[in-house]
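In each ligand, atom 1 is the first atom listed, and ligand 1 is the first ligand listed.
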Amino acid sequence: MTATMSKVKIGIVGSRFQADCVAAAAKAVPDEAEVVAVESPTKGHAADFAKRHSIPRSYMDHRELLGDPNVEMIWIAAPNRLHAPIAIDAAKAGKHVVCEKPLCLTLEEADAMIDACRKAGVLLLYAEALFFAPKYVKAKQMADEGAFGRIHLVKQGEKHSGPHSDWFWDVAQSGGGAVMDLGCHGVAFCWWFLGKPKIKSVYSHMATQAHKERTQGEDEAITIVEFEDGAVGVVESSWNRPGGMDDCIEVFGDKGQTYADLLMGNALPTYSEVGFGYAVEKAATTRGWTYPVFEEHWNYGFPQEMRHFARCVRGTETPVSDGEAGRIVQEVLYAAYASAGLGRKVMLPFRPKGIAKPIDLWRAPPQ
Ligand SMILES: NC(=O)c1ccc[n+]([C@@H]2O[C@H](COP(=O)([O-])OP(=O)(O)OC[C@H]3O[C@@H](n4cnc5c(N)ncnc54)[C@H](O)[C@@H]3O)[C@@H](O)[C@H]2O)c1
């Protein structure tokens, strides 16, 4: 049987924002993947989601989903604190696992997820879609051809007006603020772009600038990641930028540079006095000047990521983003919070034990 002859059968955990992207991504690669079930604990949500996306089965407990023999791989699109327990249960049930970012809350959880999946002989895939975003993939192809010479600086920024669901703002459920939520993308991006080098140190400045009433988490941060050959990654994370999602990179080498704006750069500069249906993720209005994006999921790389993960399950491609990648990002997140607390850079390896959630390292850094 060839890869294209059998679709990978997916069960989605969660039924809201990212779950919709996952379902749409599967529909975009119908020869490779198919969503056969969805699970979400809120009454009616999974059933409504299943109806909306023509998914045959829905459940209200992830253990029921894991007991479904039709499901080969689960895709965890639930709040961060649930990633590890659900992934470990899935491994025990013999299901492959895709986990949305960030991998989990703690490094102990990352270890346990990786161990459980390895022991069960199932894949643990880390859904970092920026590795598949076509514009960023093109930038990396040029870099790998040598277009920019030796790259010494990679910047990534992800900024918007703040998350859509309450749990992101509750650090007990999210593990931290904008760095956990958005910085994890930039850290992964810089590391991947530079060819996955060892990370030497991390420095981060964090603050809660605009949302002190709503969260104990940081809503604004700049994180500097130093790699072993001296190249530097700069990651900007913000929950304080109205006007819709902003995701940009800049790459600098001794022979050239490139700039890419994932959303506004792929949009139609538009003026409308009356407005229209939808412009871009987290844009509050469609009146006045806006940047409506087209093929939003494709620009993010969601269908391309789905296709790659399906092929990994069929054994025709090797994962470019797995649990180990998620664990590397997680260690940088730990170091970033500790650095912000200490007011200095933190050297890696950095594996303090017994931390309940990354943001605790900001509030009470190890001395
Ligand atoms: N790759 C990306 O670009 C991207 C974008 C958005 C979110 N995410 C990640 O995806 C995950 C989900 O985020 P979201 O934006 O969809 O959040 P959301 O609040 O929109 O949806 C969360 C879903 O999880 C469900 N849920 C809660 N408890 C559950 C449980 N015990 N079992 C199963 N489901 C449960 C909720 O009912 C809801 O359907 C987060 O980890 C987030 O960081 C990734």
Side-chain angles (χ1 to χ4, degrees), residues 11-25 37-50 52-53 58-66 74-90 97-105 109 113 125-133 136 156 158-160 162-189 217 237 239 245-247 262-263 280-282 296-306 309 321 325-326 329-330 333 358:
I12 302 178
V13 177
S15 63
R16 289 182 67 194
F17 184 87
Q18 195 57 19
D20 269 320
C21 299
V22 174
V38 58
E39 178 271 325
S40 192
T42 315
K43 199 163 185 275
H45 282 196
D48 288 350
F49 186 93
R52 198 161 71 245
H53 291 286
S58 63
Y59 302 106
M60 286 178 63
D61 187 304
H62 75 270
R63 282 157 291 225
E64 292 175 65
L65 176 78
L66 295 174
I74 66 150
W75 196 300
I76 304 173
N80 300 346
R81 80 184 153 83
L82 299 170
H83 292 186
I86 294 176
I88 291 166
D89 285 350
V97 179
V98 177
C99 187
E100 283 293 342
K101 61 79 197 168
L103 187 66
C104 49
L105 296 193
E109 284 181 342
M113 292 165 81
L125 300 161
Y126 180 57
E128 179 44 76
L130 296 187
F131 295 172
F132 303 92
Y136 292 173
Q156 196 273 352
E158 198 161 304
K159 304 158 219 172
H160 59 53
H164 47 275
S165 288
D166 288 343
W167 69 263
F168 285 93
W169 303 84
D170 171 8
V171 295
Q173 297 194 64
S174 58
V179 171
M180 274 299 274
D181 181 33
L182 305 176
C184 60
H185 284 302
V187 168
F189 177 83
S237 315
W239 281 354
M245 172 70 105
D246 180 7
D247 194 309
L262 199 65
L263 295 159
V280 67
E281 181 184 341
K282 297 190 175 61
E296 191 173 17
H297 287 156
W298 187 82
N299 283 319
Y300 270 129
F302 292 139
Q304 300 89 328
E305 177 183 69
M306 174 67 70
F309 286 165
S321 188
V329 172
Q330 206 63 28
L333 297 179

Within the structure provided, determine whether [X] and [Y] are in side-chain contact (heavy-atom separation under 4.5 Å).
X	Y	result
Leu130	Leu262	yes
His160	Asp246	no
Val179	Leu333	yes
Trp167	Arg81	no

Review point. Under 30°, 30 to 60°, or over 60°: which ring-plane class applies to His164 and Phe168, parallel, tilted or perpendicular?
Key: perpendicular
Exercise for review: Could you tell me how the ring of Phe309 sits relative to the ring of Trp75: parallel (under 30°), tilted (30 to 60°) or perpendicular (over 60°)?
Suggested key: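 Phe309 vs Trp75 ring planes: tilted.
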Practice item. List the steps, then state whether ring pair (Phe, Tyr, Trp, His ring centres under 6.0 Å) holds for Phe189 with His185. Key: CA-CA 6 Å; Phe189 177 83; His185 284 302; over 10 Å; no
**Study point:** Side chain, backbone, both or neither: Ile76 near ligand 1, heavy atoms under 4.0 Å
**Key:** neither
Check your understanding: Side chain or backbone of Phe168 under 4.0 Å from ligand 1, or both, or neither, by non-hydrogen atoms?
Key ->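 The side chain, only.
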Point to revise | Asn299 side chain to Glu296 side chain, donor-acceptor N/O pair below 3.5 angstrom | key: no
Backbone or side-chain N or O of [X] under 3.5 Å from ligand 1 N or O:
X	value
His45	no
Phe17	yes
Asp181	no
Asn80	yes

Check your understanding: Can you name the residues that form a salt bridge (Lys or Arg N to Asp or Glu O under 4.0 Å) with Arg52, not counting sequence neighbours?
Key ->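 So Arg52 forms a salt bridge (Lys or Arg N to Asp or Glu O under 4.0 Å) with Asp20.
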Give the atom numbers and elements of ligand 1 that come within less than 4.0 Å of a heavy atom of [X].
X	value
Thr42	37 (O)
Gly14	23 (C), 24 (O), 25 (C), 34 (N), 39 (O)
Leu82	28 (N), 29 (C), 30 (C), 31 (N)
Val13	33 (C), 34 (N)
Glu39	32 (N), 33 (C)

Identify, for [atom], the protein heavy atom at the shortest distance, and state residue, atom and that distance.
atom	result
atom 19 (O) of ligand 1	Ser165 OG, 2.6 Å
atom 15 (O) of ligand 1	His164 NE2, 2.8 Å
atom 10 (O) of ligand 1	Glu100 CB, 3.4 Å
atom 21 (O) of ligand 1	Arg16 CB, 3.3 Å
atom 34 (N) of ligand 1	Pro41 CD, 3.4 Å
atom 39 (O) of ligand 1	Ser15 N, 2.8 Å
atom 16 (O) of ligand 1	Gln18 N, 2.8 Å
atom 17 (O) of ligand 1	Trp167 NE1, 3.5 Å

Check your understanding: Taking atom 8 (N) of ligand 1 as the point of reference, which of His62, His83, Lys101 owns the nearest heavy atom?
Key -> Lys101
Point to revise | Pi-cation contact, Phe131 with Lys101 (under 6.0 Å, within 45°) | key: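 No; the conditions do not both hold, so Lys101 does not lie above the ring face of Phe131.
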Review point. Glu158 side chain to Gly186 main-chain N or O, any donor-acceptor pair under 3.5 Å?
Key: no
Review point. Any sub-3.5 Å donor-acceptor pair from Glu305's side-chain atoms to Ala129's backbone N or O?
Key: yes
Just distance, no hydrogens or angles: give the donor-acceptor pairs under 3.5 Å from side chains in residues 39-47, sequence neighbours left out.
residue	atom	partner	partner atom	Å
Glu39	OE2	His62	N	3.3
Ser40	OG	Ser15	OG	3.0

Check your understanding: Is the closest heavy-atom distance from Ala129 to ligand 1 below 4.0 Å?
Key ->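 No heavy atom of Ala129 comes that close to ligand 1.
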